[in-house]
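Heads up, the thing below is written out as structure tokens.
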Amino acid sequence: MMSIREASHRVGQWLESPEPPTRLAAVRIGLAALLLIRLCRSTFIGVASQPKPLYEPISFMRAFDSMPGRTVVLAVQLVAIAGAALALAGIFVKVTLPAAWLGSVFLNGMLASMGKVVHNDVLLLLAVVPLLFAPSADVWAMRRPRAAASPKASGIYGFPVHAAMLVVAGAYFFAGLAKIALSGPSWVLSGNIRWALYASSDAQSQPNPFALFVADRPWLSVCVAAATLLLELSFPVVLFKPRLVPLFLAGALTLHTMIYMTMHLNYWPQAATVVVVLVNWPRVADRLFAASPADGSACPRCRQHPGGSDNARRAPGRRGR
Amino acid sequence: MTLSFLAIFVVCGTFGIEAWPLTGWRLFSRARTEIAVSSLIVVEDSEGKLSELPLGRLPLQFRSSRLVAAHAADWPAREREALCAEWARAADEYLGLDVSRVLVFQVTSKLWPRTDDGPTHPPVPVLAYSCRGPST
């Protein structure tokens, strides 16, 4: 059996395994776009200057005596929006991406200080962390560093991508682990999902037909609960079996779509983060834009490209085989 | 830095530590039962008429009032009075209601048995606390 030391050594090796710079750039572009979209919401200004008795600060927000005022919120939001837009374009990313991230953490921290921990944007915020100071603009950027004339696949580009993948897989795994730790088998077997769906439907202005369809069938509720737990606990498999990424993506997207349809809880930022981080975008681009000739062989130009088919074949799960 | 972040991420996830944005990922982790408990904020006008405070018609700042109302059951009376005064002020400013008293109920619903119209048993509201509005 593998010792903890050996396991951590192998995880370390996987984290530092090479990826093409295009893979990291694609993740930067995707996550910066998501940050930008989420930062453009009017919700932050809407909750600014909230009456003090309603303010229930969590974490770093305890440093603020009351909900920050509109002027501060607007200033932070504008700086963060500019940061996210510039990071998306690949301009001064080691300054602009941290600015967008800090602004997002602050603004979402406000929403999480209203009586309930808000998880909608948490995965997005955490997945960005490994990219904050990474060389993510060496390709696919409007302003590239001079040193990055024709970068090759390297662990420098692989590490942030794999760390973000670890965060995504970890989020689902730990969500499953918390269910086991706090509820045990009863999370699946006790009718838990039925009661959650009935309560949610009753709280909505109109009865929710999707929620009631599942809740009215106890066997289906148990199946949904079991499938959810199975998906969450097995999510780390995607880290070592890249071929299973489409399966887990489909599972995560189905889960979040069902949650939205039945409970009207919108976790699209989390679902989008999963897609951005787990999909090998350079490989997808190769397949889409450098379509194979009729005989099925890849085009020669793709093989010379840093993000081309050759590099994409160096998927973590295939190293050393 | 990233390795330290990953280590903290794993520790928070493993032990359920909340240090937002780091989290223990506990959402929906406690198994529900057929008994659901929620809060209801009711305002009483100067003529003694009771009506539910329509939170959906108040600004976003009041969106989470039901959750805060539930937490406030354990607060000191003075802080609760301040909270009620804000609800009363908002009801006056945005809905034109003259509020003399705010009542917060803990509502217990039995989700089963039920018909197409909802649970068979009506929800049972129990007064958690009440406080005066600013007009008295």
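Side chains are part of it too, since the values below use all heavy atoms of this structure and drop only hydrogens, waters and symmetry mates.
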**Message:** Taking every non-hydrogen pair under 4.5 Å, which of B/E34, B/M1, B/R66 racks up the most with chain A?
**Reply:** B/E34
Between [X] and [Y], is there a donor-acceptor pair closer than 3.5 Å when you use the side chain of the first and the backbone of the second?
X      : Y      : result
B/S64  : A/M114 : yes
A/W187 : B/F28  : yes
A/Q50  : B/F62  : no
B/W20  : A/V118 : yes

Would you say the side chain of [Y] lies within less than 4.5 Å of the side chain of [X], judging by non-hydrogen atoms?
X      : Y      : value
A/H162 : B/L6   : no
B/T2   : A/L15  : no
B/V10  : A/F174 : yes
A/I58  : B/E18  : no

Measuring heavy-atom distances to chain A, does [X] have an atom under 4.5 Å in its side chain, in its backbone, in both, or in neither?
X      : answer
B/L67  : side chain
B/P21  : both
B/A36  : side chain
B/T14  : both
B/F5   : side chain
B/L83  : both
B/E86  : side chain
B/R114 : side chain

**Request:** Report the C-alpha separation of A/F173 and B/W25 in whole Å, then their side-chain angles, then the decisive distance to 0.1 Å, and conclude whether the side-chain contact (heavy atoms from CB on, under 4.5 Å) test is met.
**Result:** CA-CA 9 Å; A/F173 174 75; B/W25 304 100; over 6 Å; no
In terms of heavy-atom proximity below 4.5 Å to chain B, should [X] be classed as side chain, backbone, both, or neither?
X      : result
A/L212 : side chain
A/L126 : both
A/M263 : side chain
A/S190 : side chain
A/A225 : neither
A/Y172 : neither
A/L189 : neither
A/F44  : neither
A/A112 : side chain
A/L111 : side chain

**Request:** Would you sort out whether A/L54 and B/Q61 count as a side-chain contact (heavy atoms from CB on, under 4.5 Å), showing the intermediate values?
**Result:** CA-CA 8 Å; A/L54 287 156; B/Q61 300 164 333; 5.5 Å; no
Near [X] [atom1], under 6.0 Å, is it more than 12 heavy atoms from other residues, nucleotides or ligands?
X      : atom1 : answer
A/I156 : CD1   : no
B/L50  : CG    : yes
A/F213 : CZ    : no

**Name of the residue among B/P119, B/S109, B/S38, B/P123 meeting side-chain contact (heavy atoms from CB on, under 4.5 Å) with A/D202** = B/P119
**Message:** Only pairs of heavy atoms separated by less than 4.5 Å count here; which of A/L177, A/V117, A/N108 has the most with chain B?
**Reply:** A/N108
**Prompt:** Of the listed residues (A/P130, A/A171, A/G12, A/S49), which shares the most heavy-atom pairs with chain B below a 4.5 Å separation?
**Reply:** A/A171
**Nearest heavy atoms of B/F9 and A/V167, plus distance in Å** = CZ-O, 3.3 Å
**Prompt:** Do you know the tightest heavy-atom contact between B/V68 and A/G115?
**Reply:** CG2-CA, 4.4 Å
